[in-house]
Amino acid sequence: MLARPARLAVFASGNGSNFEALAAAAARDVLGGSIVVMLCDRPGAPVLDRARRRGVESLTPPVGRFRSRLEDEQPWLHLLREREVDVVLLAGFMRRLHATLLAPFAGRMLNVHPSLLPAFPGLDAIGQAWRHGVGVTGCTVHLVEDALDSGPIVAQSAVEVRAGESRESLEERIHDAEHALYPWAVRRFLTEPWRLEGRRLVFGEGAGFRLNETEVARDG
Ligand code: GAR
């Protein structure tokens with residue numbers, strides 16, 4: 001049994017529909033943990049209203065001078081430590097992170113990306129796939145490592161592109177797939193044993209440790 005449900009933080013930058021899907025799952029008690037804080041790098045972003053409506057603490061820590069990365073990750077790390085966060089969930093967080101945050105959360109930070117990685121990393125993944133003319137695309141949940149939209153894959157969901165489909169329609173269907181996939185993947189990641197075999201994340205009984213038990217023991 002777990003010593004306590006995992007304490008989760010969500011990082012988000014914009015609309016926050018993935019935050020909403022995660023928060024809705026947490027409210028239904030099917031996420032495998034509770035969201036204790038939402039950190040946002042853009043004051044005024046719609047995700048802040050969503051967090052307020054959901055009763056989740058939301059904060060906009062300083063970001064520094066750069067547009068695409070956090071210059072000073074220390075205040076962010078401090079907030080996570082203060083709240084005893086076990087796992088960080090990136091949900092439309094559009095800045096690169098570096099060692100200050102990545103090292104302490106290695107193996108404990110997930111991201112969702114709207115393509116079947118490693119295809120189409122980076123910005124506008126849905127537009128990239130649509131313009132490329134792929135027949136199948138989708139979304140990916142992966143462990144975060146120090147490279148753009150990269151890391152061992154936790155779960156993927158495929159979305160077939162329909163004949164003559166508009167970019168807008170494809171985008172809507174990929175977002176729907178993300179909203180179903182991300183909470184499911186988080187729950188699985190938090191509640192089932194898993195191990196890494198090289199880059200491959202393998203689930204299975206007896207395969208390893210339960211992540212949040214280990215972390216709670218280490219923190220406690
Ligand atoms: C989502 O499609 C998410 O996968 C993507 O940003 C969107 C945020 O939407 N993230 C990335 O592209 C990360 N590289 P949301 O704010 O409504 O959740």
Side-chain angles (χ1 to χ4, degrees), residues 8-27 31 35 37-54 56 58-60 63 66-70 73 76 87-98 101-102 105 109-132 134 136-159 161 165-186 189:
L8 309 171
V10 176
F11 285 14
S13 297
N15 176 30
S17 67
N18 280 285
F19 164 79
E20 190 83 48
L22 294 167
L31 190 63
I35 302 174
V37 68
M38 194 282 293
L39 300 185
C40 178
D41 61 324
R42 273 188 40 222
V47 67
L48 290 161
D49 283 334
R50 291 186 190 264
R52 272 189 285 273
R53 282 200 298 273
R54 287 271 173 196
V56 173
S58 58
L59 299 167
T60 53
V63 294
F66 305 120
R67 205 165 50 87
S68 59
R69 59 159 287 194
L70 282 185
E73 298 182 323
W76 293 62
V87 173
V88 175
L89 307 173
L90 307 185
F93 187 69
M94 303 312 264
R95 284 173 193 265
R96 287 286 298 277
L97 301 173
H98 295 87
L101 274 169
L102 292 180
F105 283 92
M109 188 183 287
L110 300 181
N111 181 41
V112 65
H113 184 76
S115 75
L116 292 177
L117 290 171
F120 309 118
L123 292 176
D124 190 24
I126 299 171
Q128 290 185 57
W130 187 78
R131 285 190 294 277
H132 195 89
V134 298
V136 180
T137 179
C139 50
T140 303
V141 174
H142 63 93
L143 275 173
V144 176
E145 60 186 19
D146 193 3
L148 182 65
D149 296 322
S150 174
I153 290 168
V154 177
Q156 291 187 302
S157 175
V159 174
V161 184
E165 181 163 25
S166 69
R167 196 212 121 103
E168 290 68 31
S169 159
L170 180 63
E171 179 156 357
E172 197 178 314
R173 292 195 304 117
I174 291 180
H175 285 316
D176 287 347
E178 288 187 303
H179 302 157
L181 182 71
Y182 205 7
W184 178 84
V186 169
F189 180 78

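Whatever order the structure lists them in is the order used to number ligands and atoms, beginning at 1. Everything quoted here is computed from the prediction, not taken from an experiment. We number each residue from 1, following the sequence as shown. Side-chain atoms are counted along with the backbone in the values below, which use heavy atoms only and exclude waters and symmetry mates.
Remark: side-chain polar atoms of Glu20 are not paired, donor with acceptor, to backbone N or O of Asn15 under 3.5 angstrom. Checked by atom type and distance alone, the side chain of His175 never pairs as donor or acceptor with a backbone atom of Pro114 at under 3.5 Å. Listed for the Ser13 side chain is a donor-acceptor partner under 3.5 Å among the backbone atoms of Met94. Listed for the Glu165 side chain is a donor-acceptor partner under 3.5 Å among the backbone atoms of Leu170.
Atom 6 (O) of ligand 1 has Gly92 CA, 3.7 Å as its closest protein atom, hydrogens excluded (heavy atom only). Counting only heavy atoms of the protein, atom 10 (N) of ligand 1 lies nearest to Val112 O, 3.7 Å. In terms of protein heavy atoms, atom 5 (C) of ligand 1 is closest to Pro114 CD, 3.7 Å. Protein heavy atom at the shortest distance from atom 9 (O) of ligand 1 is Asn18 ND2, 4.0 Å. Of all protein heavy atoms, the one lying nearest to atom 17 (O) of ligand 1 is Ser17 OG, 2.5 Å.
Looking at His175, His113, Glu178, Arg96 and measuring to atom 4 (O) of ligand 1, the nearest heavy atom belongs to Glu178.
Listed by number with element, the atoms of ligand 1 under 4.0 Å from a non-hydrogen atom of Met94 are 11 (C), 12 (O). For ligand 1, the atoms closer than 4.0 angstrom to any heavy atom of Asp149 are 13 (C), 14 (N).
Looking at every heavy atom in both residues, Leu90 comes nearest to Tyr182 through O-OH, 2.8 Å.
Under the 4.0 angstrom criterion for non-hydrogen atoms, Gly16 is in contact with ligand 1.
Heavy atoms of Asn15 found under 4.0 angstrom from ligand 1 belong to the backbone as well as the side chain.
Checking each of Arg96, Arg95, Arg67 against Asp41 for a salt bridge (charged side-chain N to carboxylate O under 4.0 Å, His left out) leaves exactly one that passes, namely Arg95.
Asp49 meets the salt bridge (charged side-chain N to carboxylate O under 4.0 Å, His left out) test with Arg52; sequence neighbours excluded.
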